[in-house]
Amino acid sequence: MRHFLQMKDFTRDEYEHLLERAKILKARFKNYIPYQPLTDRMLAMVFEKSSTRTRVSFEAGIYQLGGQAIHLDSQSTQLGRSEPIEDTARVISRMVDLVMIRTFEQEKVEQFAAHSRVPVINGLTNEYHPCQVLADIFTYVEQRGSLTGKTVAWIGDANNMSYTWLEAARIFDFKLNVATPKGYEMKSQRGETLDNAYLAAFTDPMLAAKGAHLVTTDVWTSMGYEAETEARKNAFAGFCVDRKMMAAADKDALFMHCLPAHRGEEVSADVIDGPQSVVWEEAENRLHVQKALMEFLLLGRINS
Ligand code: CP
Ligand code: NVA
């Protein structure tokens with residue numbers, strides 16, 4: 001049994017398989033060709049934070065594959081009344097085939113997985129958002145080909161997305177330029193080596209964007225850190241991805257944002273709504289890569 005809790009849980013070869021399957025499943029979806037290998041399979045989705053894309057893409061995805069989904073949150077389950085995560089995992093995993101969790105600490109998804117009888121997927125934690133980066137890589141490959149040897153510029157907060165990009169850089173062998181304000185730099189949060197073979201740190205976002213093939217950013221204040229919003233608005237002023245920054249990047253550079261976005265803060269409206277932006281394709285691709293992921297976790301490598 002496999003879990004998908006962070007990028008390093010899968011090998012490059014397994015990612016190549018997932019990207020290929022996502023392409024096939026996307027083509028079937030676009031052509032209205034039914035494909036239901038997960039008939040009678042049940043996905044439990046546990047949300048301890050808000051979501052639009054993750055919920056819709058997992059729920060629509062499992063239905064399209066022939067299965068069904070149960071949506072759970074902390075307010076209306078015993079999780080919100082302190083039932084231990086281990087007991088919740090033991091119970092839920094006896095009744096369903098697959099679990100997706102969005103929560104706070106990465107330790108929680110790890111604890112859940114350690115006590116689960118079925119595969120567990122990380123739908124975002126404070127530390128990582130692997131489903132999103134998988135969709136982003138699929139989107140880049142779809143638009144421009146392989147990311148290997150290319151440069152990705154991450155502008156703004158060192159958050160769950162940037163740490164996931166760093167894991168992806170090691171696996172897919174690309175360079176990650178990260179620009180953060182002083183005091184918000186990437187740290188070795190869970191004992192990761194901040195390997196400078198893959199990571200270059202900047203405090204000037206223009207330098208990080210220079211020559212990049214993909215420029216990407218995210219909100220200045222992630223879910224769970226709302227108390228820091230005002231301080232972060234001050235610290236991150238100057239870290240808006242705007243036309244000038246995109247002009248410093250490679251001429252074929254793409255812009256991505258996992259969404260939701262704040263126009264005028266981390267990205268200007270003319271960039272996110274402009275010709276280099278692929279944010280809507282990126283959002284749609286959550287559906288296709290996660291269908292490939294669910295197929296892989298429940299059925300292994302399918303080639304039909
Ligand atoms: N990008 C993303 O995960 O969006 P949601 O928070 O809407 O799920
Ligand atoms: N970094 C953001 C991503 C939202 C999809 C957050 O954690 O709130």
Side-chain angles (χ1 to χ4, degrees), residues 4-7 43-62 69 71-74 99-109 121-140 152 154-168 176 178-181 184-187 189-190 214 216-229 231-233 235-236 239-241 255-263 265-267 272 277-291 293-294:
F4 186 55
L5 306 184
Q6 58 187 93
M7 290 303 286
L43 166 72
M45 306 185 295
V46 182
F47 284 98
E48 297 208 277
K49 292 177 175 171
S50 304
S51 170
T52 298
R53 280 145 287 271
T54 303
R55 176 172 180 181
V56 176
S57 54
F58 270 107
E59 195 161 335
I62 191 81
H71 177 263
L72 302 162
D73 59 42
S74 28
V99 178
M100 188 286 306
I101 312 178
R102 166 168 289 196
T103 188
F104 293 86
E105 297 79 18
Q106 182 74 8
E107 284 77 18
K108 279 183 143 182
V109 292
I121 298 169
N122 178 356
L124 180 145
T125 60
N126 292 347
E127 288 85 359
Y128 299 113
H129 196 3
C131 292
Q132 182 68 55
V133 171
L134 184 56
D136 295 1
I137 291 171
F138 179 74
T139 307
Y140 188 88
V152 175
W154 175 267
I155 310 295
D157 190 22
N159 64 11
N160 41 14
M161 283 295 298
S162 66
Y163 284 98
T164 311
W165 271 113
L166 180 59
E167 285 201 318
L176 183 67
V178 175
T180 61
Y184 291 89
E185 296 88 355
M186 303 233 354
K187 299 191 254 309
Q189 56 170 10
R190 306 183 86 238
L214 168 61
T216 182
T217 187
D218 190 7
V219 291
W220 293 338
T221 305
S222 285
M223 291 182 280
Y225 299 85
E226 289 79 2
E228 300 173 20
T229 304
R232 285 170 167 270
K233 273 190 183 163
F236 286 84
F239 283 75
C240 177
V241 178
F255 172 77
M256 290 191 198
H257 189 311
C258 64
L259 306 174
H262 295 93
R263 288 170 177 76
E265 291 189 14
E266 74 274 7
V267 60
I272 195 169
S277 172
V278 289
V279 297
W280 314 122
E281 289 80 358
E282 181 189 1
E284 179 193 319
N285 284 335
R286 291 289 301 278
L287 173 71
H288 309 302
V289 297
Q290 289 162 195
K291 283 169 72 178
L293 175 65
M294 291 192 283

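Just so you know, ligand 1 is whichever comes first in the structure, and atom 1 is the first atom listed for that ligand. Being a predicted model, the structure only gives us computed values, none of them experimental. For reference, positions follow the sequence shown, starting with 1.
Every atom of ligand 2 is numbered from 1 in the order shown, and the set under 4.0 Å from a heavy atom of Leu259 is 5 (C). Within ligand 2, the atoms closer than 4.0 Å to a non-hydrogen atom of Met223 are 6 (C), 7 (O), 8 (O), numbered from 1 in the order shown.
Here's the thing with His129: none of its N/O atoms is less than 3.5 angstrom from an N/O atom of ligand 2. Checked against a 3.5 angstrom limit, the closest N/O atoms of Ser222 and ligand 2 fall inside it. In terms of polar-atom proximity, Leu124 is not counted as a contact of ligand 2, lacking any N or O under 3.5 Å from an N or O of the ligand. Not one N or O of Thr221 is nearer than 3.5 Å to an N or O of ligand 2, by distance alone.
Using a distance-only test at 3.5 Å, with no hydrogens or angles considered, no donor-acceptor pair links the side chain of Arg53 to the main chain of Ala283. Side chain of Arg102 to main chain of Ser50: a donor-acceptor pair is present (N/O by atom type, distance under 3.5 Å, no hydrogens or angles). Checked by atom type and distance alone, the side chain of Asn159 pairs as donor or acceptor with a backbone atom of Ser162 at under 3.5 Å.
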Within the protein, flag every N or O under 3.5 Å from an N or O of ligand 1, and note the pair and distance.
unit_1: ligand 1; atom_1: 1 (N); unit_2: Gln132; atom_2: OE1; d: 2.9
unit_1: ligand 1; atom_1: 1 (N); unit_2: Cys258; atom_2: O; d: 2.8
unit_1: ligand 1; atom_1: 1 (N); unit_2: Leu259; atom_2: O; d: 3.0
unit_1: ligand 1; atom_1: 3 (O); unit_2: Thr54; atom_2: OG1; d: 3.1
unit_1: ligand 1; atom_1: 3 (O); unit_2: Arg102; atom_2: NH2; d: 3.0
unit_1: ligand 1; atom_1: 3 (O); unit_2: His129; atom_2: NE2; d: 2.9
unit_1: ligand 1; atom_1: 3 (O); unit_2: Arg286; atom_2: NH1; d: 3.1
unit_1: ligand 1; atom_1: 4 (O); unit_2: Arg53; atom_2: NE; d: 2.8
unit_1: ligand 1; atom_1: 6 (O); unit_2: Arg102; atom_2: NH1; d: 2.8
unit_1: ligand 1; atom_1: 7 (O); unit_2: Thr52; atom_2: N; d: 2.7
unit_1: ligand 1; atom_1: 7 (O); unit_2: Arg53; atom_2: N; d: 2.8
unit_1: ligand 1; atom_1: 7 (O); unit_2: Arg53; atom_2: NE; d: 3.1
unit_1: ligand 1; atom_1: 7 (O); unit_2: Arg53; atom_2: NH2; d: 3.0
unit_1: ligand 1; atom_1: 8 (O); unit_2: Ser51; atom_2: OG; d: 2.7
unit_1: ligand 1; atom_1: 8 (O); unit_2: Arg53; atom_2: N; d: 3.4
unit_1: ligand 1; atom_1: 8 (O); unit_2: Thr54; atom_2: N; d: 2.8
unit_1: ligand 1; atom_1: 8 (O); unit_2: Thr54; atom_2: OG1; d: 2.7
unit_1: ligand 1; atom_1: 8 (O); unit_2: Arg102; atom_2: NH1; d: 3.4
unit_1: ligand 1; atom_1: 8 (O); unit_2: Arg102; atom_2: NH2; d: 3.3

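Atoms CE and OG1, on Met186 and Thr180 in that order, are 9.0 Å from each other to the nearest 0.5 Å. Rounding to the nearest 0.5 Å places CD of Gln132 at 9.0 Å from CG of Leu124. Remark: Met100 CE to Leu72 CG distance equals 9.5 Å, nearest 0.5 Å. In this structure, Met223 CE and Asn126 CG are separated by 9.5 Å, a value rounded to the nearest 0.5 Å.
Scanning the protein heavy atoms around atom 3 (C) of ligand 2, the nearest turns out to be Asp218 OD2, 3.6 Å. In terms of protein heavy atoms, atom 7 (O) of ligand 2 is closest to Asn160 ND2, 2.8 Å.
With sequence neighbours excluded, no residue satisfies salt bridge (Lys or Arg N to Asp or Glu O under 4.0 Å) with Glu266.
Counting heavy atoms closer than 4.0 Å to ligand 2, residue Asn126 contributes nothing at all.
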Could you walk me through whether Thr125 and Gln106 pass side chain to side chain donor-acceptor pair (under 3.5 Å), step by step? CA-CA 6 Å; Thr125 60; Gln106 182 74 8; 2.7 Å; yes
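Here the closest non-hydrogen pair linking Thr216 and His257 is OG1-N, 4.2 Å.
The closest approach between a heavy atom of Thr54 and any atom of ligand 2 is not below 4.0 Å.
The pair Glu107-Arg190 meets the salt-bridge criterion, with a side-chain N (NZ, NE, NH1 or NH2) lying under 4.0 Å from an Asp/Glu carboxylate O.
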